[in-house]
Amino acid sequence: MESGEAMGSELLLYIYGFICLGMIVFNVLHSLILKRRERTLMEKGRRLEWRMREQFQRISQGMPVDRRHRKYLRWKLLRVRNLIAFERILENCSGEEAGFTESYLSQLYPELLYLATTYLKKETMQTAYFAFFLSRHGSRIQTDIDSLKDLMVEYVRKGNLYCRLNALEALYALGSPENVVRAVQIQDEVDLYFNEKILTDGLLSFSGSHRQLISLLWESFPRFSVNTKLAVLNYIRFRTGAYCGEFYEILADERMDKELRLSAVRYFGRYPYEPVREMLLGFLQDETPMNWEYAAMSATALERYPGEDVTEALLEAIHSRNWFVRYNAAISLEERQLDYDVWLGVMDGPDRFAREMAAYRLEELRRKEEKKVEAV
Amino acid sequence: MRDFIQMFLNGVGVFFVLYMIGYATFMFLSVVVGSSTLYGLQRRNMLKNELHNDYYVPVSILVPAYNEEVTIEATIHSLLSLEYKVYEIIVVDDGSKDNTAKVVRETFGMHRINRPIQRRVSCKSVRFVYETTAYKVPITLISKENGGKADSLNMGINASRYPYFLCMDADSVLQHDSLEKIVRPVLEEDNIVAVGGVVRPCNDVEIKKGRVVRYRMPRKILPSMQVLEYDRSFLASRILFDKFNGSIIISGAFGLFKKSVAVEAGGYDSSTVGEDMELVVKLHAYCRENEIPYRIRYATDAICWTQAPESLRDLCRQRRRWHIGLFQSMAKHRSILVNSRYGLVSLISYTYFLIYELFSPYIEVFGVLTTLLALCMDFLNVPFMLLYTGIYVMNSSILSLTAFFARVHTMDLQLTPLDAIKAMGLCAVEVSCLRFVLAWVRMTALLGYRKKRASWGSIKRKKININ
């Protein structure tokens with residue numbers, strides 16, 4: 001192994017080594033800078049807090065926020081670090097001070113509007129942070145002017161998931177159903193994955209009138225993609241049972257996406273609706289392997305539908321070839337508080353899988369009763 | 001003859017130069033990409049570019065256990081202190097010879113049930129099932145016939161109620177926010193089939209309710225060197241592979257999987273000891289062959305703390321096992337090699353693991369032997385060899401340190417100056433000594449592997465300091 005052969009690689013190793021050394025120096029410097037920044041942020045925070053307290057004092061005396069303070073914030077909060085400090089102070093306001101923040105932020109509306117316009121043009125991470133700020137404190141701003149809400153809808157157009165997410169949360173906090181529906185439409189049109197669970201949970205956190213929001217969402221429903229439709233259906237399921245007719249149409253339409261129809265089955269499990277009973281029984285009794293999900297969901301949904309026909313269908317379903325149908329049917333039967341004799345009948349039957357399931361549910365039933373006795 | 005040997009040694013020299021360039025380039029790219037990703041993540045979190053609401057994907061946590069009576073109680077307690085709402089804990093006792101099942105049953109006041117378990121993936125028979133709903137989340141204990149770790153995980157999959165399952169080791173502790181963090185990619189991206197988390201050694205680290213209250217380097221030298229090794233491996237290659245959906249390893253100590261896809265792919269293979277790697281490679285193969293869009297992610301901020309072996313004997317056993325697992329997985333899925341259908345997974349990931357992981361011990365030991373031959377034949381330029389070795393050790397040490405400090409800083413861990421000095425001193429020893437010891441262990445691992453291919457590795461356990 002002569003030296004000449006390896007000179008190239010030796011040089012390469014030197015170069016890599018020096019770059020890595022540079023990275024270690026960067027690590028150390030970065031750590032020191034972070035510590036210093038944190039100290040500076042706290043120092044800035046203290047100064048800002050002192051200025052804000054002065055304004056709270058003015059508000060308590062019935063005076064408006066000082067014009068110079070507004071001008072100061074308009075300039076100061078353009079830097080994201082100052083905005084972070086500002087947010088932390090507002091977050092930590094408690095007691096009497098928390099009461100003043102509403103008036104304080106409402107009076108700062110023009111400055112916040114200016115900042116919203118400026119941050120919209122900044123790097124997306126900073127844009128997302130401004131949206132986060134509004135999602136946390138937007139509900140405290142009392143104003144009839146909709147410009148800030150309109151701007152937040154523009155934030156949803158950004159191609160960054162977190163920016164869209166924070167902007168949507170800000171809109172939920174601002175409580176305007178029209179703007180939320182517009183934002184949902186926009187996010188649906190932008191070709192970027194958005195988990196339907198996030199949308200459902202977000203809609204549930206809306207601070208305005210849910211009745212109005214649902215009504216507006218339903219008007220736009222046909223235009224949404226399947227993913228958004230599913231999120232909206234789930235949201236409605238958690239909020240109201242007043243849409244049985246609409247859900248019935250979805251369930252009855254065989255051309256509709258399977259996930260949407262299954263969501264409708266869940267809806268009717270939560271809100272029993274007599275016209276749908278036959279359809280659910282039909283699903284439960286359908287033994288086509290491809291339709292097992294409808295059968296399994298219907299087995300759960302039918303739990304709250306009284307009547308011998310349902311009990312008989314569920315008893316039949318615990319002999320199903322599909323494990324999930326058997327399992328859900330057994331749970332529904334247990335909830336219907338059947339006599340022990342009925343269970344024992346299944347236990348004496350020839351079907352081993354049904355026997356296993358019945359034994360498990362009987363055990364559960366027995367344990368629940370024991371717990372009740374213990375509680376007494 | 002002398003000419004022939006010289007020609008042979010020249011050829012070997014060229015091969016090693018290329019080999020080293022390849023390795024150094026890969027490590028360099030990995031560390032640079034890894035460090036910048038971590039710093040980017042830190043900034044992202046500071047600017048609240050994250051999911052900060054309570055979005056919960058239900059998860060079944062599977063804890064396979066074999067002779068874990070010492071650690072299992074602490075592990076379950078740590079799982080109960082996770083900041084997550086919708087999950088269940090399933091402990092699968094694989095026919096332990098000690099009191100693992102008894103400890104779980106009695107500590108958590110469980111009652112016996114006759115729960116039917118659907119056999120979606122194959123596993124050995126159930127002996128008994130215990131359950132309790134007296135805690136924050138349901139805990140299930142399944143005692144089964146002995147069949148190995150993969151078999152226990154398959155049982156856990158069969159018994160799980162939720163659409164995602166998380167596998168972990170019975171001697172590991174999940175950080176308080178780890179479940180939330182490992183689930184995030186599922187919410188952020190479509191088609192996620194698996195997510196790997198970060199595994200860090202917790203020897204001498206104080207953990208209280210899933211939070212690190214005192215971080216320090218392990219007192220013993222061997223686990224300290226493993227800290228550096230883990231950081232290099234988790235920071236380096238895994239972040240880089242994640243960039244092109246090329247991760248082919250998710251540690252068995254901490255990984256999240258989409259149950260439906262794992263079941264369709266056949267679950268864990270109980271005939272291998274490297275069931276964790278095998279499942280991930282199988283998921284790649286299953287999704288690619290069936291043209292299913294998929295993504296396997298790596299969550300850099302989801303942390304699991306685990307015990308690193310403290311004795312050389314245990315470490316050698318562990319590495320032997322890992323190497324056999326690597327060999328089995330790669331041999332079973334050899335069709336991935338030079339296969340355009342697998343894209344970068346074949347070109348970069350599989351090739352890297354083949355050359356720099358599976359064959360590396362043979363190559364390294366071969367290198368030492370040829371150096372000795374060259375020395376005997378007086379063909380060796382000793383000063384140059386020493387310089388070259390020195391540069392290599394320095395370069396590798398710096399890469400290790402870069403990964404270590406990047407991880408410490410971005411995780412907000414406080415390191416004492418003494419620990420920093422210790423890390424700096426030990427990285428050279430790890431690269432120049434431990435690496436060669438482990439190369440020898442890995443080289444001899446495949447001798448007689450068939451006898452112990454489905455057995456649990458036995459490593460001496462001690463209680464984790466989690467208060």
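Proteins come first, then strands; the chains are lettered A, B, ... in the order of their sequence lines, and each starts at number 1.
- Contact detail for A:F324 and B:Q118: the closest heavy-atom pair is CZ-OE1, 3.5 Å.
- In this structure, CG in B:L51 is found 5.5 Å from CG in A:L165, a value given to the nearest 0.5 Å.
- Only the backbone of B:V186 comes within less than 4.5 Å of a heavy atom in chain A; its side chain stays farther off.
- Side chain to side chain, B:E188 and A:Y162 meet the donor-acceptor criterion of an N or O pair below 3.5 Å.
- Remark: B:E189 CD to A:L161 CG distance equals 9.5 Å, nearest 0.5 Å.
- In this structure, chain B has a heavy atom under 4.5 Å from the side chain of A:R81, while its backbone stays farther away.
- No more than 12 heavy-atom neighbours from other residues, nucleotides or ligands sit within 6.0 angstrom of CE on A:M42.
- Residue B:M385 does not touch chain A at all, counting heavy-atom pairs closer than 4.5 Å.
- Heavy atoms closer than 4.5 Å to chain A are found nowhere in B:L29, neither backbone nor side chain.
- Residues A:E123 and B:R44 are not paired through a salt bridge, judged by the lack of any N-O separation under 4.0 Å between the basic side chain and the carboxylate.
- Looking at A:T200, neither its backbone nor its side chain comes within 4.5 Å of chain B, counting heavy atoms on both sides.
- The ring-ring contact (aromatic ring centres under 6.0 Å, His included) check on B:Y164 picks up nothing, with sequence neighbours excluded.
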- Item | Test log, rule salt bridge (charged side-chain N to carboxylate O under 4.0 Å, His left out), inputs B:K48 and A:E91 | CA-CA 14 Å; B:K48 305 291 178 192; A:E91 191 64 40; over 6 Å; no

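- Crowding of A:K122 atom NZ: a count of heavy atoms from other residues, nucleotides or ligands under 6.0 Å exceeding 12.
- When heavy atoms are compared at a cutoff of 4.5 Å, B:S36 does not approach chain A at all.
- If you measure heavy-atom distances from A:F130 to chain B, you find no contacts under 4.5 Å at all.
- Remark: side-chain polar atoms of A:E356 are not paired, donor with acceptor, to backbone N or O of B:R115 under 3.5 angstrom.
- Residue B:R119 does not touch chain A at all, counting heavy-atom pairs closer than 4.5 Å.
- Every residue two or more places apart in sequence or in another chain that forms a side-chain hydrogen bond (donor to acceptor under 3.5 Å, both in side chains) with A:N328 is listed here: A:T300.
- The two residues A:W323 and B:P116 come nearest to each other via the heavy atoms CZ2-O, 3.5 Å.
- Judged by distance alone, with hydrogens and angles left aside, the side-chain atoms of B:N49 form a donor-acceptor pair with the main-chain N or O of A:M125 at under 3.5 Å.
- Among the candidates A:N166, A:I84, A:T127, the single residue satisfying the side-chain contact (heavy atoms from CB on, under 4.5 Å) test with B:L47 is A:I84.
- In this structure, chain B has no heavy atom under 4.5 Å from any part of A:F133.
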